[in-house]
Amino acid sequence: MGKIMSFKVEGKGNGMRTDAFAGKHTIAIDEPESFGGKDSAIDPMSALLSSLIACENVMAQLISNEMKFDLRGISFEVDGSLDPAGLMGDLSVKPYFQHVTVKAFIETSESEERILELQKAVDQRCPVFRTLKDAGIPIENHWVKAKATV
């Protein structure tokens, strides 16, 4: 087994807002006004989805180098859906994402087959993707070649 990496985040809550600290970095998380927050920062579920695409980006960068894949850029759209009844106390409803869809747009000269190869490798090795998938959350992950802009 290789070297184990550890992660530590500390935080302080004030109402619905949390200020989290990871080393020298700060992340603010809040809820929208409609959910009792002040909408002063990203909400927790959107932060989780942001972590997913950030992790997929990092893994794509690492794996594309290993594959000698021409990765010129990557952008994402991600959607997650959940029924808020679960987090509001209805124990018959799951309080987490019921479905997540990721769309990645790859700027590359590579073929669709090579894009699929990169995607499969990222899906296997991305810790955030695997955490969600292995927890049983259905994730659709679609990677396509970005349309050329003039």
- request: Hey, could you give me the CE/CG distance between Met16 and Asp43, rounded to the nearest 0.5 Å?
  value: 11.5 Å
query: Within a strict 4.5 Å, meaning less than it, do heavy atoms of the Lys120 and Trp143 side chains meet?
result: no
- request: Look only at the side chain of Asp90 and the backbone of Ala85, and say whether a donor-acceptor pair between them is shorter than 3.5 Å.
  value: no
field: From CD1 (Ile27) to OG (Ser50), nearest 0.5 Å
entry: 9.5 Å
query: Quick check: does any side chain N or O of Asp30 sit under 3.5 Å from a backbone N or O of Asp39, one acting as donor and the other as acceptor?
result: yes
query: Are side-chain heavy atoms of Glu56 and Asp123 found at a separation under 4.5 Å?
result: yes
- request: Would you indicate whether the side-chain heavy atoms of Val122 and Asn141 approach each other to under 4.5 Å?
  value: no
message: As a quick check of understanding, evaluate side chain to side chain contact (heavy atoms under 4.5 Å, CB included) for Leu82 and Leu87, giving each step before the final call.
response: CA-CA 9 Å; Leu82 65 79; Leu87 57 106; 3.8 Å; yes
statement: Distance col, row Met59:CE vs Gln119:CD, nearest 0.5 angstrom, shows 14.0 Å
query: Does Glu66 CD have over 12 foreign heavy atoms under 6.0 Å away?
result: yes
message: Run the side chain to side chain donor-acceptor pair (under 3.5 Å) test on Gln61 and Asn57 for me, step by step, so that the C-alpha distance in whole Å, both residues' side-chain angles and the decisive distance to 0.1 Å come before the verdict.
response: CA-CA 6 Å; Gln61 301 300 325; Asn57 173 60; 3.1 Å; yes
- prompt: Which of these passes side chain to side chain contact (heavy atoms under 4.5 Å, CB included) with Glu140: Val102, Asp79, Thr101?
  reply: Thr101
message: I want to check something: taking the side chain as every heavy atom from C-beta on, are Leu48 and Tyr96 in contact at a cut-off of under 4.5 Å?
response: no
query: Under 3.5 Å, is there a donor-acceptor pair between the side chain of Thr108 and the main chain of Asp70?
result: yes
task: Please tell me if the side chains of Val144 and Phe105 come closer than 4.5 Å, counting only heavy atoms from C-beta onward.
output: yes
task: Look up atom CD in Gln124 and atom NZ in Lys133, then write down how far apart they are to the nearest 0.5 Å.
output: 10.5 Å
query: Among the clusters formed by ILVMFWY side chains lying less than 4.5 Å apart, do Ile53 and Met45 turn up in the same one?
result: yes
query: Less than 4.5 Å apart, any side-chain heavy atom of Ile106 and any of Leu71?
result: yes
Beyond-backbone contact of Leu52 with Phe129, side-chain heavy atoms, under 4.5 angstrom: yes
- request: Answer whether the closest heavy-atom distance between the side chains of Pro44 and Glu31 falls below 4.5 Å.
  value: yes
field: Check: Glu112 main-chain N/O paired with Lys145 side-chain donor or acceptor under 3.5 Å
entry: no
